[in-house]
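Heads up: the structure comes next, in structure tokens.
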Amino acid sequence: MSRIACKFGGSSVADHNQFLKIKKILQANSKRKVVVPSAPGKRHSGEAKLTDLLYLCHDLAQKRLALDAPFTLIRERYLDIESNLGLKAGMAQALEAFRKEIENGATRDFVASRGEYLCGLLMAAFLGAEFVEPKETIFFDKTGRIDPKTYDVLGKRMSDVDKLYVVPGFYGVDVKGNIKTFSRGGSDISGAIAARAIHAELYENWTDVSGLLMADPRIVENPHPLDEVSYREIRELSYMGASVFHDEAIAPVRDAGIPINIRNTNKPEEPGTLIVSKLPEVTKYDIAGVAGKKNFCMFSLEKTMMNKEIGFARKMLGIFETKGVSIEHMPSSIDSMSVVVSAEEIGDKTEAILEDLRRILEPDTLEVEPDLALLAVVGEGMSHQVGTAAKVFIALRDAKVNVRIIDQGSSEYNIIIGVDNSDYEKAIRALYTAMMTPNPAFPA
Ligand code: ASP
């Protein structure tokens with residue numbers, strides 16, 4: 001029987017009521033056989049995430065300071081869930097032992113991983129499920145990537161299709177046998193790994209929103225929900241700032257052709273967003289969404305006959321590489337070349353880079369423009385439509401937005417536009433409105 005792996009994010013395991021919702025969700029579909037919980041998140045906006053408290057405990061212990069304040073909060077969270085669900089999962093003893101480990105110098109990754117570990121123990125006790133220890137089943141290689149043997153080992157460990165398993169998210173083990181965590185938000189990756197290990201038919205990612213929206217609701221009023229989106233589109237959207245889920249969580253399931261369904265634990269009746277490898281022939285809209293980010297800067301230089309100068313682009317990029325700055329885009333024309341980088345990436349290196357550009361490339365003109373925003377209109381449907389680019393630029397002209405950069409990859413499912421930071425919101429709204437005409441070929 002094919003199974004479904006379900007990852008539940010921090011807000012989905014924030015208290016005992018959320019645990020009860022999870023049980024119902026699992027009961028509603030008997031294929032849901034693997035549960036990957038995060039550490040408890042915030043119950044309300046004023047509260048700290050458990051993982052943040054754990055990092056704080058570690059930092060205090062490193063400075064030989066008392067852990068009491070954060071540790072008491074951590075303790076209460078777990079003991080509350082345990083007692084409210086009427087469980088006897090040995091939390092008090094486990095927490096006491098854990099506190100000693102922190103005080104005795106446990107590593108930062110170990111301390112952080114206990115958020116998911118303890119939550120996993122509670123979840124397994126509550127669901128009557130088998131607890132699967134990531135320390136024995138999820139392996140990092142020397143370079144910090146997932147060792148492919150993980151899929152085999154974890155798959156074998158969960159081979160009984162009738163059993164329910166709980167695999168805590170966020171961590172595994174490194175080549176030396178030490179606990180190692182993923183980067184923040186990494187339980188999404190654990191969920192994807194678990195889905196792949198059991199050859200799941202679906203990876204459900206349960207969170208506190210009913211999937212993705214086609215634009216940022218802080219900028220566009222009531223944007224449409226995104227029903228179905230391809231892996232490629234989601235990659236572009238998340239790169240351009242749409243907060244989806246962890247970037248690295250896509251690869252394990254995409255490579256195995258497993259779709260991802262983003263669902264809302266608090267509104268399980270809603271279908272959420274389905275991320276698939278291939279979209280249907282006809283989709284309702286030609287685009288998946290409009291996203292963007294502020295704060296980029298562009299280094300532009302002009303030099304007559306630069307197109308004849310062999311190695312010019314390499315030298316230009318080499319300057320950014322030597323300074324450890326990763327670049328985003330490289331718009332160019334016959335005699336000019338620009339490099340767009342994020343302001344965060346460039347930090348205080350602007351002057352040093354300008355100096356190298358001047359010295360090594362001897363340009364006729366050289367300027368740097370800060371305060372740029374990049375916007376992306378993303379959609380595989382755009383590639384077989386005539387006039388998409390026209391729609392984009394007419395919309396921006398009508399909104400009186402000055403376009404500073406245009407960049408369309410050869411893939412044609414992404415048009416990137418650079419505008420002034422101050423035009424960002426206006427441009428997003430204009431593009432969203434212009435691009436959201438339903439496809440006439442889509443069945444009503
Ligand atoms: N608990 C970890 C974090 O807060 C991992 C996760 O929730 O995905 O980053």
Side-chain angles (χ1 to χ4, degrees), residues 55 108-109 140-145 180-186 189 235-243 246-248 250-251 291-376 378 402-411 414-424 427:
Y55 282 124
R108 190 172 158 80
D109 278 19
F140 288 93
D141 67 14
K142 285 205 292 291
T143 64
R145 294 212 193 93
K180 178 172 166 60
T181 60
F182 293 102
S183 53
R184 292 304 303 268
I189 311 174
R235 179 82 190 96
E236 301 286 343
L237 285 171
S238 60
Y239 161 71
M240 282 307 273
S243 81
H246 205 295
D247 263 7
E248 292 164 48
I250 293 186
K293 282 197 279 198
K294 281 186 173 178
N295 298 327
F296 290 89
C297 66
M298 178 159 74
F299 293 80
S300 305
L301 52 78
E302 270 180 25
K303 188 172 184 186
T304 313
M305 304 294 284
M306 78 159 62
N307 59 330
K308 293 270 174 324
E309 214 176 293
I310 292 170
F312 193 88
R314 181 186 52 74
K315 280 188 230 154
M316 180 154 178
L317 292 179
I319 293 170
F320 289 86
E321 186 182 345
T322 343
K323 294 278 183 293
V325 173
S326 85
I327 72 157
E328 306 281 334
H329 295 280
M330 225 189 134
S332 64
S333 68
I334 301 176
D335 283 338
S336 80
M337 211 168 261
S338 306
V339 168
V340 181
V341 298
S342 77
E344 194 186 344
E345 194 48 40
I346 202 84
D348 57 5
K349 298 174 183 157
T350 305
E351 280 314 315
I353 286 183
L354 282 174
E355 195 178 311
D356 279 5
L357 288 170
R358 226 174 264 126
R359 184 172 47 80
I360 299 172
L361 299 171
E362 298 175 334
D364 302 335
T365 66
L366 172 63
E367 25 180 286
V368 53
E369 295 179 75
D371 304 326
L372 284 175
L374 292 183
L375 285 79
V378 177
N402 183 22
V403 175
R404 310 285 296 275
I405 307 168
I406 303 170
D407 194 355
Q408 178 174 26
S410 51
S411 59
N414 193 4
I415 301 178
I416 304 237
I417 297 140
V419 303
D420 281 341
N421 268 344
S422 56
D423 280 337
Y424 175 69

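Along the sequence shown, the residues carry numbers beginning at 1.
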- request: I would like to know whether M316 and L361 meet side chain to side chain contact (heavy atoms under 4.5 Å, CB included); could you show each step before the answer?
  value: CA-CA 7 Å; M316 180 154 178; L361 299 171; 3.8 Å; yes
query: Okay, side chain of D371, backbone of N421: is any donor-acceptor separation there less than 3.5 Å?
result: no
statement: Hits for ring pair (Phe, Tyr, Trp, His ring centres under 6.0 Å) against F320, two or more places apart or cross-chain, chain-then-number order -> F299
message: Under a 3.5 Å threshold, yes or no: a donor from one side chain and an acceptor from the other, between T143 and D141?
response: yes
task: Measure the CD1-CD1 distance between I327 and I319 for me, rounded to the nearest 0.5 Å.
output: 12.0 Å
field: Pairing residues for K303 by the salt bridge (charged side-chain N to carboxylate O under 4.0 Å, His left out) criterion, not counting sequence neighbours
entry: E309
- prompt: S336 and side chain to side chain donor-acceptor pair (under 3.5 Å): which partner among S332, S333, S338?
  reply: S333
- prompt: Are D356 and K323 close enough that some pair of their side-chain heavy atoms sits under 4.5 Å apart?
  reply: yes
- prompt: Can you check side chain to side chain contact (heavy atoms under 4.5 Å, CB included) on E248 and S183, steps first, answer last?
  reply: CA-CA 10 Å; E248 292 164 48; S183 53; 4.1 Å; yes
query: Within 45 degrees of the axis of the six-membered ring of Y424 and under 6.0 Å from its centre: does K294 put its NZ or CZ there?
result: no
- line: ring pair (Phe, Tyr, Trp, His ring centres under 6.0 Å) filter on Y55, not counting sequence neighbours, yields none
- line: Correct closest heavy-atom pair for P370 and C297 would be CA-CB, 3.6 Å
Side-chain heavy-atom pair M337, P363 within 4.5 angstrom cut-off: no
message: For R184, I'd like to know if atom CZ has over 12 heavy atoms of other residues, nucleotides or ligands within 6.0 Å.
response: yes
field: Straight-line distance of E302 CD to I334 CD1, nearest 0.5 Å
entry: 12.0 Å
query: Got a sec, which pairs hit ring-ring contact (aromatic ring centres under 6.0 Å, His included) with one end in residues 327-366, sequence neighbours left out?
result: none
message: Is there a side-chain contact between S326 and V341 in this structure, where contact means two heavy atoms from C-beta onward sitting under 4.5 Å apart?
response: no
- prompt: Roughly how far, to the nearest 0.5 Å, is CE of M306 from CG of L301?
  reply: 5.0 Å
message: Which heavy atom of E328 sits nearest to which heavy atom of S342, and what is that distance?
response: CG-N, 4.1 Å
Test salt bridge (charged side-chain N to carboxylate O under 4.0 Å, His left out) applied to K315 - qualifying residues, sequence neighbours left out: none
statement: Scanning both residues in full, the closest heavy-atom pair of A427 with L375 reads CB-CD2, 3.5 Å
- prompt: With a 4.5 Å limit on heavy-atom distance, are the side chains of P331 and V340 in contact?
  reply: yes
- request: Identify the heavy atoms of G324 and K349 that sit nearest to each other, and give their distance.
  value: O-NZ, 4.1 Å
- request: Without swapping roles, check the side chain of D420 against the backbone of L372 for a donor-acceptor pair under 3.5 Å.
  value: no
field: Any I416 side-chain heavy atom under 4.5 Å of I405 side chain
entry: no
- prompt: Listed by chain and number, what are the ring pair (Phe, Tyr, Trp, His ring centres under 6.0 Å) partners of F296, not counting sequence neighbours?
  reply: none
- prompt: How far apart are the closest heavy atoms of T304 and D364, and which atoms are they?
  reply: N-OD2, 2.8 Å
- request: Answer yes or no: is there a donor N or O on one side and an acceptor on the other, between the side chain of N414 and the main chain of A376, under 3.5 Å?
  value: no
query: Counting only heavy atoms not in I360, do more than 12 fall under 6.0 Å of its CD1?
result: yes
task: Hey, could you give me the CD1/CD distance between I353 and E351, rounded to the nearest 0.5 Å?
output: 10.5 Å
